[in-house]
*Asks:* 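A single structure is presented below for examination.
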Amino acid sequence: QMHLVESGGGLVQPGGSLTLSCEASGFTLGRAVTGWFRQSPGKSREGISCLSPSGSGTNYADSVQGRFTITRDNAKNIVYLHMRNVKPEDTAEYYCAAVRSFGNRCYLQESNYETWGQGTQVTVAS
């Protein structure tokens, strides 16, 4: 059974940094597309970053391009979202998601994903 657990959320000041973790069980992240999504109150869920199974393909939403980086530790079966220069508009519930796949592509559309974590809250405020 595929399972994802996010952690690392919290309160961070504008301009600061934070790293979110998403630990997988029941499957191997190296054989899946993984993505990070976020949702703020009153807004639809937004795909912000993804990583291909090969590890060589990434994609980022314009809203986080140049500030957020997705990486993966294959030995630990964890995917990370490294957030820097955060802004108040980055405040949201952050989710990781995965779909078993192969190759160099990844997706920012949530309909492509089969498994979701429970989310972790990130609040950017001074």
Side-chain angles (χ1 to χ4, degrees):
Q1 183 177 359
M2 300 174 64
H3 194 53
L4 297 169
V5 177
E6 301 96 335
S7 61
L11 176 65
V12 57
Q13 293 187 341
S17 300
L18 195 67
T19 295
L20 306 183
S21 301
C22 175
E23 184 172 4
S25 60
F27 70 106
T28 302
L29 288 174
R31 297 177 182 174
V33 170
T34 50
W36 283 97
F37 295 77
R38 67 185 182 186
Q39 187 169 22
S40 305
K43 295 185 178 181
S44 57
R45 190 153 53 184
E46 172 191 19
I48 57 172
S49 182
C50 65
L51 180 67
S52 69
S54 68
S56 61
T58 58
N59 200 3
Y60 296 92
D62 290 342
S63 56
V64 306
Q65 180 74 50
R67 300 187 298 120
F68 292 9
T69 304
I70 187 170
T71 64
R72 187 177 70 213
D73 186 326
N74 290 328
K76 295 181 179 180
N77 212 28
I78 296 176
V79 65
Y80 301 96
L81 184 68
H82 306 278
M83 308 166 61
R84 64 179 181 87
N85 191 23
V86 296
K87 305 174 181 180
E89 51 263 42
D90 294 322
T91 295
E93 187 81 7
Y94 283 72
Y95 301 88
C96 65
V99 57
R100 288 163 292 184
S101 185
F102 59 91
N104 297 323
R105 294 181 62 189
C106 68
Y107 330 105
L108 292 180
Q109 297 78 23
E110 62 179 291
S111 61
N112 291 114
Y113 291 85
E114 60 181 326
T115 299
W116 292 80
Q118 82 289 348
T120 186
Q121 176 68 35
V122 173
T123 301
V124 182
S126 55

*Asks:* Name all residues meeting the side chain to side chain contact (heavy atoms under 4.5 Å, CB included) criterion together with N85; count only those two or more places apart in sequence or in a different chain, and write none if there are none.
*Replies:*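 Applying side chain to side chain contact (heavy atoms under 4.5 Å, CB included) to N85 gives R67.
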
*Asks:* Within the distance-only criterion (no hydrogens, no angle test), does the side chain of T120 pair as donor or acceptor with the backbone N or O of G9 below 3.5 angstrom?
*Replies:*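 Judged by distance alone, yes, a pair lies under 3.5 Å.
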
*Asks:* We want to know whether S56 and N104 form a side-chain donor-acceptor pair, criterion being a heavy-atom distance below 3.5 angstrom.
*Replies:*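 A pair is found: one side chain offers a donor N or O, the other an acceptor, under 3.5 Å apart.
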
*Asks:* What pair of heavy atoms forms the shortest contact from P14 to S126, and how long is it?
*Replies:*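 Smallest interatomic distance, heavy atoms only, reads CD-N, 3.7 Å.
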
*Asks:* Please report the interatomic distance OG(S40) to CD(E46), rounded to the nearest 0.5 Å.
*Replies:*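 So the gap between those two atoms works out to 8.0 Å.
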
*Asks:* Side chains of Q121 and T123, heavy atoms from C-beta outward: is any pair under 4.5 Å?
*Replies:*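 Heavy-atom side-chain distance check passes, below 4.5 Å.
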
*Asks:* For the CD atom of E93 and the CD atom of Q118, what is their distance to the nearest 0.5 Å?
*Replies:*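 Answer rounded to 0.5 Å: 8.0 Å.
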
*Asks:* Just to verify, what does Q1 make a side chain to side chain contact (heavy atoms under 4.5 Å, CB included) with, not counting sequence neighbours?
*Replies:*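 None.
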
*Asks:* How would you list, by chain and number, every residue that makes a side-chain hydrogen bond (donor to acceptor under 3.5 Å, both in side chains) with R84, sequence neighbours excluded?
*Replies:*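 Expected list: none.
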
*Asks:* Atom CD of E23 and atom SG of C96: how far apart are they, to the nearest 0.5 Å?
*Replies:*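 Separation between the atoms: 10.0 Å.
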
*Asks:* Considering all heavy atoms of both residues, which atom of P53 and which atom of R105 are nearest to each other, and what is their separation?
*Replies:*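 What the structure gives for the nearest pair is CD-O, 3.7 Å.
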
*Asks:* For F37, what residues pass the ring-ring contact (aromatic ring centres under 6.0 Å, His included) criterion, not counting sequence neighbours?
*Replies:*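 ring-ring contact (aromatic ring centres under 6.0 Å, His included) list for F37, sorted by chain: Y113, W116.
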
*Asks:* Going by the rule ring-ring contact (aromatic ring centres under 6.0 Å, His included), which residues pair with H82 if we only count those two or more places apart in sequence or in a different chain?
*Replies:*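 If we apply the ring-ring contact (aromatic ring centres under 6.0 Å, His included) test to H82, skipping adjacent residues, the hits are Y80.
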
*Asks:* For E114, check side-chain hydrogen bond (donor to acceptor under 3.5 Å, both in side chains) against everything at least two apart and list the hits.
*Replies:*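 side-chain hydrogen bond (donor to acceptor under 3.5 Å, both in side chains) list for E114, sorted by chain: R100.
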
*Asks:* Check whether any side-chain N or O of E6 sits under 3.5 Å from a backbone N or O of G119 as a donor-acceptor pair, and report yes or no.
*Replies:*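 A pair under 3.5 Å: yes.
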
*Asks:* Using the test salt bridge (charged side-chain N to carboxylate O under 4.0 Å, His left out), find all partners of R31 that sit at least two apart in sequence or belong to another chain.
*Replies:*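 Here no residue qualifies.
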
*Asks:* Other hydrophobic cluster members with L11, side-chain heavy atoms of Ile/Leu/Val/Met/Phe/Trp/Tyr under 4.5 Å, chained?
*Replies:*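 None; L11 is a cluster of one.
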
*Asks:* Return the set of residues passing side-chain hydrogen bond (donor to acceptor under 3.5 Å, both in side chains) with N77 (not counting sequence neighbours), or none when no residue passes.
*Replies:*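 Not a single residue meets the side-chain hydrogen bond (donor to acceptor under 3.5 Å, both in side chains) criterion with N77.
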
*Asks:* Any sub-3.5 Å donor-acceptor pair from S21's side-chain atoms to G8's backbone N or O?
*Replies:*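 Here the side-chain-to-backbone pair does not exist.
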
*Asks:* Applying side chain to side chain contact (heavy atoms under 4.5 Å, CB included), can you list everything that pairs with N112, at least two apart in sequence or on another chain?
*Replies:*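 Applying side chain to side chain contact (heavy atoms under 4.5 Å, CB included) to N112 gives Y107, Q109.
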
*Asks:* Please examine the side chains of C106 and T34, heavy atoms only from C-beta on, and report whether any two atoms are closer than 4.5 Å.
*Replies:*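 Not in contact.
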
*Asks:* To the closest 0.5 Å, what do you measure between CG (N59) and OG (S49)?
*Replies:*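 Result: 8.0 Å between the selected atoms.
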
*Asks:* Can you list, by chain and residue number, the hydrophobic cluster partners of L20 when the side-chain cut-off is 4.5 Å?
*Replies:*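 Same cluster as L20: M2, L4, V12, L18, F27, L29, W36, I48, L51, Y60, V64, F68, I70, V79, L81, M83, V86, Y94, V122, V124.
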
*Asks:* Among residues at least two apart in sequence or on other chains, which ones pass side chain to side chain contact (heavy atoms under 4.5 Å, CB included) with S44?
*Replies:*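 S44 satisfies side chain to side chain contact (heavy atoms under 4.5 Å, CB included) with no other residue.
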
